[in-house]
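Each chain gets a letter, A, B and so on, in the order the sequences are listed, and its residues count up from 1.
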Number of protein chains: 2
Amino acid sequence: MSDHRLQDAIDTLKSSGVRITPQRHAVLEFLLNAMTHPTADEIYKALESKFPNMSVATVYNNLRVFKDIGLVRELTYGDSSSRFDCNTSDHYHAICNNCGKIVDFHYPSLNEVESLAEQVTGFDVSHHRMEVYGTCSKCQSEKAH
Amino acid sequence: MSDHRLQDAIDTLKSSGVRITPQRHAVLEFLLNAMTHPTADEIYKALESKFPNMSVATVYNNLRVFKDIGLVRELTYGDSSSRFDCNTSDHYHAICNNCGKIVDFHYPSLNEVESLAEQVTGFDVSHHRMEVYGTCSKCQSEKAH
DNA sequence: ACACTAATTGTAAGCATTCTAATGTAATAA
DNA sequence: TTATTACATTAGAATGCTTACAATTAGTGT
């Protein structure tokens, strides 16, 4: 299932002239299989058993490469470190104020907002971002006690 | 005009048991009059002629106080430092990919999104955030040349 | 296999933000 | 008014994330 997405991503990289190194492959594979939206450090820690000599810089370098090519999105919330999301299909995020959990959800794209913003601000709008914040179901039930 | 908002803000602070110090007053006043969404450092630099001995920590401390009380919102974008917005009325932001300019715009609140997200994710949603990204009119005309 | 060039590594450096301990100051009650 | 108390400010150190750098290593096309 994700083999397909992985192969597609590798093809995209190759056609951009990017070399496929073992570390790069591992970071990409980890991101594609991740159910969460990991930080650079989480990726680094997850791969250090397989690549004991890998540098944090390598993780950051590769994330930047993936981002520039459009394979991953960088998510910046209030907390200190960025998170990375390789799901490039249109979706939004719900973020728990209590535990930080991030859940994806789908919603028809807000094209109207973009076009209204263009009229009002004079911008040439390329994309938008939206998140909802609240309490996840787990934290809700824990608070009930 | 902004005297009114300033006085309201001060009243809110007082009723929360927060003391009005000269530095605090200055940070608040600067934010209320700012047409932009300044960073902590921009506030610090803007006030250093009036308060040569003021510490950066004071700016951060006061911004946190204002934020906790709900007088300002912290905006975290991709760039390194947070920006602060004292316009608590419902509005959204358009951000220029080229020069970083931030322009406010109004749009009917996206309540539907919040309620759909609640159904799909099981979250108890408190609020949402949205931005559109693109090229501002100034950068558009500069690129034309 | 060779050569070319990009990628990785380890560490240092940069930057925004927070922490700490000492000092200062506003508000309150005696 | 004065003493007390709790909160604010200050300066600088410390933290944590991210990037820069120079040297080494290793893909890739021929």
Rounding to a whole Å, what distance do you find between [X]:[atom1] and [N]:[atom2]?
| X | N | atom1 | atom2 | result |
| --- | --- | --- | --- | --- |
| Lys14(B) | dA26(C) | NZ | P | 13 Å |
| Leu13(B) | dA8(D) | CG | P | 10 Å |
| Asp68(B) | dA8(D) | CG | C1' | 15 Å |
| Asn62(A) | dT18(D) | CG | C1' | 15 Å |
| Ile43(A) | dT8(C) | CD1 | P | 14 Å |
| Leu63(B) | dT9(D) | CG | P | 11 Å |
| Ile10(B) | dA26(C) | CD1 | P | 15 Å |
| Glu48(A) | dT8(C) | CD | C1' | 17 Å |

Please name the pair of heavy atoms, one in Tyr44(A) and one in Val56(A), separated by the smallest distance, quoted to 0.1 Å.
->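 The answer is CE1-N, 3.8 Å.
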
Locate the shortest heavy-atom distance separating Phe30(B) from Ala46(B); write the atom from each residue and the value.
->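 Taking Phe30(B) first and Ala46(B) second, the nearest heavy atoms are CE1-CB, 3.5 Å.
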
Sequence neighbours excluded, which residues qualify as salt bridge (charged side-chain N to carboxylate O under 4.0 Å, His left out) partners of Arg129(B)?
->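 Partners of Arg129(B) under the salt bridge (charged side-chain N to carboxylate O under 4.0 Å, His left out) test: Glu131(A), Glu131(B).
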
By salt bridge (charged side-chain N to carboxylate O under 4.0 Å, His left out) - contacts of Lys14(B) (at least two apart) |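 Lys14(B): no salt bridge (charged side-chain N to carboxylate O under 4.0 Å, His left out) contacts found.
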
Is the phosphate of dT9(C), meaning OP1 or OP2, less than 4.0 Å from a side-chain N or O of Gln23(A)?
->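 Indeed, a polar side-chain atom of Gln23(A) lies that close.
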
Using a cut-off of strictly less than 4.0 Å, decide whether Thr21(A) has a side-chain nitrogen or oxygen near OP1 or OP2 of dG27(D).
->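 So the side-chain polar atoms of Thr21(A) never come under 4.0 Å of the phosphate oxygens OP1 or OP2 of dG27(D).
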
Below 3.5 Å between N/O atoms, which protein atoms pair up with nucleotides 4-7 of chain D? Just atom names and distances, please.
unit_1: dC7(D); atom_1: O2; unit_2: Arg19(B); atom_2: NH1; d: 3.2

Apply side-chain contact (heavy atoms from CB on, under 4.5 Å) to Gln140(A) and list each qualifying residue two or more places apart in sequence or on a separate chain.
->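 Result, side-chain contact (heavy atoms from CB on, under 4.5 Å) vs Gln140(A): Thr135(A), Asp124(B).
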
For Asn98(B), check side-chain contact (heavy atoms from CB on, under 4.5 Å) against everything at least two apart and list the hits.
->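 For Asn98(B), the residues satisfying side-chain contact (heavy atoms from CB on, under 4.5 Å) (neighbours in sequence not counted) are Cys96(B), Cys139(B), Lys143(B).
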
Using the ring-ring contact (aromatic ring centres under 6.0 Å, His included) rule, collect all pairs that involve residues 111-139 of chain B, keeping only residues at least two apart or in two chains.
->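 As it turns out, the ring-ring contact (aromatic ring centres under 6.0 Å, His included) pairs with a partner in residues 111-139 of chain B, which skip direct neighbours, are His127(A)-Tyr133(B), Tyr133(A)-His127(B), Tyr92(B)-His128(B).
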
Not counting sequence neighbours, list each pair that qualifies as a salt bridge (charged side-chain N to carboxylate O under 4.0 Å, His left out) and has a residue in residues 103-117 of chain A.
->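 Residue pairs with at least one partner in residues 103-117 of chain A: there are none.
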
Table please: side-chain donor-acceptor pairs of residues 59-70 of chain A below 3.5 Å, with sequence neighbours left out.
unit_1: Asn61(A); atom_1: ND2; unit_2: Ala57(A); atom_2: O; d: 3.2
unit_1: Asn62(A); atom_1: OD1; unit_2: Arg24(A); atom_2: NE; d: 2.6
unit_1: Asn62(A); atom_1: OD1; unit_2: Arg24(A); atom_2: NH2; d: 3.1
unit_1: Asn62(A); atom_1: ND2; unit_2: Thr58(A); atom_2: O; d: 3.1
unit_1: Lys67(A); atom_1: NZ; unit_2: Glu74(A); atom_2: OE1; d: 2.5

Through what angle, rounded to 10 degrees, does the axis of the helix from dA1(C)-dT30(D) to dA30(C)-dT1(D) turn between its ends, using five pairs per end?
->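 Answer rounded to 10°: the end axes differ by 40°.
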
Residues clustering with Met35(A) (ILVMFWY side chains joined when closer than 4.5 Å, directly or via others) |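 Listed partners: none, Met35(A) stands alone.
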
Please work out if Ile20(B) contacts a base, only the sugar-phosphate, or nothing of the nucleic acid, heavy-atom cut-off 4.0 Å.
->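 It contacts nothing in the nucleic acid.
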
Sequence-distant partners of His91(B), ring pair (Phe, Tyr, Trp, His ring centres under 6.0 Å), two or more places apart |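 His91(B) satisfies ring pair (Phe, Tyr, Trp, His ring centres under 6.0 Å) with His93(B) only.
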
Heavy-atom contacts, protein to nucleotides 10-20 of chain C, under 4.0 Å, summarised as B (base), S (sugar-phosphate only) or - (none) per nt, yield B-----SSBB-

